[in-house]
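A note on names: the letters A, B, ... follow the listed sequences, proteins ahead of strands, and every chain is numbered from 1.
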There are 2 protein chains.
Amino acid sequence: MSKCEQCIIREFNSLKSLSKEELMNISGCKTSRFIKKGEVIFEEGETLKGVYCVKDGICKLTKLSANGKDQIVKLVVKGDLLGQRSLISDESVNLSAVALNNMEVCFIPKAEIFSNLKNNSDFSMDMLKQMAHDLKESDNVIVNMAQKSVKQRLAEALLYIHNSFGVNKDGILNVVLSREDYASVVGTATESAIRVLSQFKKEGLISTTGKQIKIEDIEGLKRVE
Amino acid sequence: MSKCEQCIIREFNSLKSLSKEELMNISGCKTSRFIKKGEVIFEEGETLKGVYCVKDGICKLTKLSANGKDQIVKLVVKGDLLGQRSLISDESVNLSAVALNNMEVCFIPKAEIFSNLKNNSDFSMDMLKQMAHDLKESDNVIVNMAQKSVKQRLAEALLYIHNSFGVNKDGILNVVLSREDYASVVGTATESAIRVLSQFKKEGLISTTGKQIKIEDIEGLKRVE
DNA sequence: ATTTAGATATGATATTTGTCATGTTTTGAT
DNA sequence: ATCAAAACATGACAAATATCATATCTAAAT
């Protein structure tokens, strides 16, 4: 079993504020887990017994709407923690997590997190900062959902994925989503997402090879309205 | 000048986790301020030097969208804190706060908050819990914006205001918003908000006297689709 | 009491988005 | 390699929403 204090991943999340000793404690009780593409990590309504630290892979956080459609609220990348919100508020999780890739995650029990929150003010401060940042992002998403057209939202989603998750050597987006997933990110019908992507393709803003998407004109996408 | 340790308002927010001594320290450096209806408390982009504790009155938190329209992201009531997010992440505020009533607020300097966050783990835990709760609420708002119709969103906004801010002795909503504000809450055109409210009135779901709105059929509003 | 700016209301119309139908392509299992 | 299921694509139409125009109401200032 690999050791947390040697794991480079922790540099990307709040765990970086823990001391070597605290990390060794976590190492002693964490469990590692491999998750296949499409597999559910946890489901809306479950009660979590700890947090997941994403060591590799990408997953989506979705919420079921009253009309039965899933909405993708966030994409989670290597280095992020999963489930802190629910752990801290001591409520069941309000989102489901589904792997978009094969993933590797480490599970850290609740008690370990809480003891560090209580005893290490750097750690809790960092957690606070992370949540403050997430809240700001949420505000932005709310305004975009409320005020922008489907076309704009989809253009921004492509730019977001481009900037946050990067591209491979051929310039293709590292995150590969189905058209249905794109629809679920921007909150529209699958057919509408397909149409808009087709239009972007015609206009030379993107090119596609199956599900793979390459952004051809970043500035053009920014100008979509 | 009134004293924080005797102020009942603190029971409604994270300040309740502070000791009597910590509260007396805050009392010593806080300043009280009266704000008139329509006045701006702070504006998007400003750098805050502390948080505001809302002692009386109601205000709206808005964000300017790229298209120039204001979006109301949240309504803030007596007892809430304003500006913690920005303070904690050490960034400029991402929202503007505008009074909907005459208000009284107390301003607590940044240093005071930070020192308590560092030294009192109950306080920082409570702050974390509050943020975790706000994040969950944000997720709900995102899904509603993305998946529900204007009619549904407006019905839910009315129910939300009813439940969170209550009614006066005649059953009229305590929060009085202009039609433009309602449009800005649900993210639609002012005319659309007016039309939907008119329709609700025709259907007997609400009654109106000028800006004042009374909910006549709670269950009916819940059933709107 | 009168005036007047701003808010509310409503019709007509354009635009955006959703829904349903249907056909094509891709993918994965055998 | 073949087949079935799923994903993708597109047309036709319906529904929701925005925009523009104009009329009426309300409240605040004089």
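Spacing between atom NZ of K211(A) and atom P of dT27(C) amounts to 8 Å, rounded to whole angstrom units. We find that CZ of R179(B) is positioned 7 Å from C1' of dT8(C), with the value rounded to whole Å. We find that CD of E180(A) is positioned 16 Å from P of dT27(C), with the value rounded to whole Å. Between R195(A) atom CZ and dC20(C) atom C1' the separation is 11 Å, expressed in whole Å. At whole-Å resolution of the value, CD in Q212(A) and C1' in dT27(C) are 14 Å apart. Separating the CG atom of L154(A) from the C1' atom of dT16(C) is a distance of 15 Å, rounded to the nearest angstrom. Across the protein-nucleic acid pair, K201(B) atom NZ and dA9(C) atom P stand 6 Å apart, rounded to whole Å. I213(B) places its CD1 atom 16 Å from the P atom of dA7(C), with the value rounded to the nearest Å.
In this structure, T190(B) does not reach the dA7(C) phosphate: none of its side-chain N or O atoms is under 4.0 Å from OP1 or OP2.
Taken to the nearest 0.5 Å, the CD1 atom of I9(B) stands 7.5 Å off from the CG atom of D56(B).
Protein chain B contacts DNA chain D over a range whose 5' and 3' limits, counting nucleotides with an atom under 4.0 angstrom from a non-hydrogen atom, are dT17(D) to dC20(D).
Using modelled atom types and a 3.5 Å distance limit, the side chains of R153(B) and S149(B) yield no donor-acceptor pair. E203(A) and Q199(A) form a side-chain donor-acceptor contact under 3.5 Å, judged by distance and modelled atom types alone. For the residue pair K214(B)/S207(B), the side-chain donor-acceptor check at 3.5 Å is not satisfied. Using modelled atom types and a 3.5 Å distance limit, the side chains of Q130(A) and D126(A) yield no donor-acceptor pair.
With S89(A) contributing its side chain and H133(B) its backbone, the two residues share no donor-acceptor pair below 3.5 Å.
No donor-acceptor contact under 3.5 Å links the side chain of R153(A) to the base of dT16(C).
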Check: protein-nucleotides 1-6 of chain C nitrogen or oxygen pairs below 3.5 Å:
none

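Using a 4.0 Å cut-off between a side-chain N of Lys or Arg and a carboxylate O of Asp or Glu, D90(B) and K110(B) qualify as a salt bridge. Note on E104(A) versus R33(A): no salt bridge recorded, every NZ/NE/NH1/NH2 to OD/OE distance being 4.0 Å or above.
Of the residues listed (V98(B), V185(B), L61(B)), the one engaging I72(B) in a side-chain contact (heavy atoms from CB on, under 4.5 Å) is V185(B), and it is the only one.
Across the interface with DNA chain C, nearest-nucleotide mapping of T188(A) and G210(A) shows T188(A) to be the residue nearer the 5′ end. Sequence order on DNA chain D of the closest nucleotides to L197(A) and A189(B) puts L197(A) first from the 5' end.
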